[in-house]
Amino acid sequence: MSVLKTSMRNFLAHKGRMALSAVAVLLSVAFVCGTLVFTDTMNTTFDKLFAATASDVTVSPRSATDDGAPSATGKPEALPAALVERIAKVPGVRGAEGAVGSTSVTVVNAKNENMGSTTGAPTIAGNWTDNDLKAMEITSGRAPRGPTEMMVDADTADKHHLAIGDELRTIAVTGDFTAKITGIATFKVTNPGAAVVYFDTATAQKQLLGATGQFTQINVTAANGVSDARLKQDVAAALGSGPYKLQTAQEAKDAGRDSVGSFLDVMKYAMLGFAGIAFLVGIFLIINTFSMLVAQRTREIGLMRAIGSSRKQVNRSVLVEALLLGVFGSVLGVGAGIGIAVVLMKLMGAIGMDLSTDDLTVRWTTPVVGLALGVVVTIVAAYVPARRAGKISPMAALRDAGTPADGRAGAVRATIGLLLTALGTAALFGAANSSQASSGSALLGLGVVLTLIGFVVIGPLLAGVVVRAISAVVLRMFGPVGRMAERNALRNPRRTGATGAALMIGLALVACLSVVGASMVASATDELDRSVGADFIISSNAQQPIVPQAVDAVRKAPGLAHVTNYTSLDARLTTPDGKSVSDRIAVTDPTYQQDVRRKTVAGDLAAAYGKGAMSVGDTYAKEHGVKVGDLVSVDFKGGSTAKLKVAAITSDDTNIDKGAMYVAVTTVAQYVPAEKMPKNTNMFAKAEDGKAQEAYAALKKSLAAYPQYTVRDQTDFKKDLKDQVGQLLNIVYGLLALAIIVAVLGVVNTLALSVVERTREIGLMRAIGLSRRQLRRMIRLESVVIALFGALLGLGLGMGWGATAHKLLALEGMGVLEIPWPTIGTVFVASAFVGLFAALIPAFRAGRMNVLNAIATD
């Protein structure tokens, strides 16, 4: 009990210092728990939605996908309506109902504003069925009854201020049609953001599928006492071996979860990765805190040893303090994590993905994981200071506070750090000179880890050199105060190194990602300039096919020299040696050669657009021994098999259409029926000479009625690319901000404890004439130097990582290295302000010290 009492007394005696360390634990645990609660809540939301919308057994075409992606043809795969009656007669079936559903639609209002989600969630159009009553209820008006009537979901109506009687236009591959809202249906479960519209069955069949007598799926309800598995078995036996896919309610739910699971997993593990970085930075804060507290309590610990405390008891005393800190910070972190999850849900709601707090899911594993991580990390971080405390001898009670540095330990540490750094540098060099991206990536990862650990270990050694260099530039202008700040930063290189390392980690990642992002944009821009000859690119941001009426609108725009169709089609290719492989074929017009310039290594690309001809990429040609003039058997999905002659082999040293195989639209049309031919995914256009601006305006005007499509010239395309990369980097920087906040807390804690440690010294300096203003300036300058030290190491290390990563990107065609100097410079200057901010409270407290009391401090 004496160990526990001592630990409690010391913990409470330094509660202010412990509070800052506890905040680091709290933030890290909160981010982990918040991520787990948020993703679990999203899973719960989707599970409830899938469970509510699934029938006992669902029958759909075998070729239909589970992810709800728009159909390449614009029309979903369908089943004959006659199957409904056939299934209804199967023993054990209480009811069978045909349903129509399509995500290849866009719904707009009278102002041509898209009523769909802005988050990437689909717009779903279909017929109103009894199965829909399981998930929705009509809360206003009535269901549609004719071709001019429709119903919308309540969330969409609220977002876009729709009311009964409003007229909406639905754009589908079969044509445009308008209908008035006759009803509004409300979800009984949370709708994550999809826009849903309903028509009567005949209208849905005609307008979405192009013909009556078809359904996209059949919902089967089991009779009382019949299990879903038995029902599926009986229906399958009745249908025989046809092109059908049967799923029970649970299987449909699992398939739906799988379709969104990959996205949720990526989000979850990415956020947990950033939480791990915050934990790593927090370790330095905790190590510094306990190291300084142990140093300040040297005499106290020496007295404890003198009166009989063993090394193990002293060691345990420090570890118990760490345990208290870990438990305290982790418990608060778990609660804060739930709050973070709620905030994330609100943010998702602000951008269009609705998540209800009613579905907030806190599994028992979440607080257990949070507590375990927080406690274990804190104890591990405090272990080295605890061992150091246990080694304090009873004679230390006769000396001033503070433990002398172990020169031998410092030499061993420097040797290990230099060795790790050398090995990491060698791994990075190997990655930069790798001929394959896969092996190079492994070396890059190894090099990043080793150099990071190496820099952390040799931090004290680097502090002596780097701090002096920074001080010569930054501090010398402040005279004696600046020199004292420099000496304070150099007084304990181990402490300065650990404090700077915490900031170094976050800024190294910022610099690395900045270099990679800037290089990707520069490389893509360079390739666009070299390879893209088209003036305009037309595409859908939601990956929807371009409907025929929009294609006609593009072709009718004045001022265009040519317009190119572009789509792709799955096919199975068999080479003359009998090797077979599935791939996608780019189906384009011959003018595509002008729109995207591809280097040809053999043959003539123009000939590949001739009758019965095609081109292949050089990678495919090398792997399968294909030469110009060879015949390749191409089995087109939805069509027949063609024997096509290889007329050209294109270089795959590109990022645009890398590995693409080209076939003319007219050639594919001979083997694939029109109803199975995929619609355009993109269109390209070239303006007549001297009419680029007029053609650009005309194209935008022609497509004004189709807001789901965007017209971009090359300037727009480059800007969008830069914005997309920038948005991604901003998200990453936002997540890294957590680690940087923890690092700032580390600087605050280090300075605060340093001020306590130097109380008598500060009193003596004040007594011989140092003013309060000069004292505060000295502490602020010390903080700035430590922050700039961490920033210089982090930015230098990160740029090295980024430059190495670029070498691997160059193997994939991104050959332009771009160092974003404005970003690097801004981060470096901002680090100085971070140092100033971190020093505000410690400097203020130091300035308020009573001179006589400070001198009398023991």
Side-chain angles (χ1 to χ4, degrees), residues 269-281 284 420-421 423-434 437 440-456 459 462 466 500-524 722 724-743 787-812 814-831 834:
Y269 292 120
M271 293 176 69
L272 288 177
F274 288 104
I277 294 170
F279 263 121
L280 181 61
V281 174
F284 291 103
L420 289 172
T421 303
L423 291 173
T425 303
L428 292 176
F429 181 80
N433 290 278
S434 178
S441 298
L443 286 173
L444 174 62
L446 179 64
V448 166
V449 172
L450 290 178
T451 51
L452 178 61
I453 297 174
F455 266 53
V456 169
L462 294 174
V466 177
L503 195 59
M504 175 190 75
I505 295 170
L507 297 186
L509 292 170
V510 168
C512 175
L513 293 171
S514 296
V515 171
V516 170
S519 298
M520 289 175 65
V521 171
S523 298
K722 186 176 181 180
Q724 289 170 12
V725 174
Q727 289 171 6
L728 179 61
L729 289 178
N730 287 337
I731 293 172
V732 173
Y733 295 157
L735 294 171
L736 283 174
L738 176 67
I740 294 172
I741 289 171
V742 175
L788 290 179
F789 164 68
L792 195 62
L793 293 187
L795 294 176
L797 193 59
M799 286 192 289
W801 294 347
T804 305
H806 164 261
K807 290 290 188 179
L808 298 180
L809 292 175
L811 297 176
E812 302 297 321
M814 301 182 188
V816 180
L817 174 63
E818 179 81 10
I819 305 293
W821 292 113
T823 300
I824 301 296
T826 300
V827 171
F828 185 73
V829 172
S831 299
V834 165

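Predicted, not measured: the structure shown is a model, and the values here were computed from it. The first residue in the sequence is number 1, and the count goes up from there.
Counting all heavy atoms, side chain and backbone alike, Ala501 lies closest to Val456 at CB-CG2, 4.2 Å. Nearest heavy-atom pair, Gly459 versus Phe789, reported as atom, atom and distance to 0.1 Å: O-CZ, 3.8 Å. The minimum heavy-atom distance linking Val827 with Leu795 is given by the pair CG1-CD2, 3.9 Å. Scanning both residues, Thr804 and Ala431, for their nearest heavy atoms gives CG2-CB, 3.8 Å. Listed here is the closest heavy atom pair of Ala803 and Val515: N-CG1, 4.0 Å. Of all heavy-atom pairs between Trp801 and Val448, the closest is CZ2-O, 3.6 Å.
Here the side chains of Leu443 and Leu428 are not in contact, with every heavy-atom distance at 4.5 Å or above. Between Val732 and Phe274 there is a side-chain heavy-atom pair separated by less than 4.5 Å.
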Q: Report the C-alpha separation of Met504 and Leu452 in whole Å, then their side-chain angles, then the decisive distance to 0.1 Å, and conclude whether the side chain to side chain contact (heavy atoms under 4.5 Å, CB included) test is met.
A: CA-CA 9 Å; Met504 175 190 75; Leu452 178 61; 3.8 Å; yes
Q. Would Leu793 and Leu797 count as a side chain to side chain contact (heavy atoms under 4.5 Å, CB included) if you check the C-alpha gap in whole Å, the side-chain angles of each, and the deciding distance to 0.1 Å?
A. CA-CA 6 Å; Leu793 293 187; Leu797 193 59; 6.0 Å; no
Q: Check the pair Leu809 / Met520 against side chain to side chain contact (heavy atoms under 4.5 Å, CB included), numbers first and verdict last.
A: CA-CA 8 Å; Leu809 292 175; Met520 289 175 65; 4.0 Å; yes
Q | Evaluation steps, side chain to side chain contact (heavy atoms under 4.5 Å, CB included), between Leu450 and Thr421 | A | CA-CA 6 Å; Leu450 290 178; Thr421 303; over 6 Å; no
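In this structure, the side chain of Ser831 does not engage the main chain of Leu788 through any donor-acceptor pair within 3.5 Å. Remark: the backbone N or O of Glu818 is paired with a side-chain donor or acceptor of Ser519 at under 3.5 angstrom.
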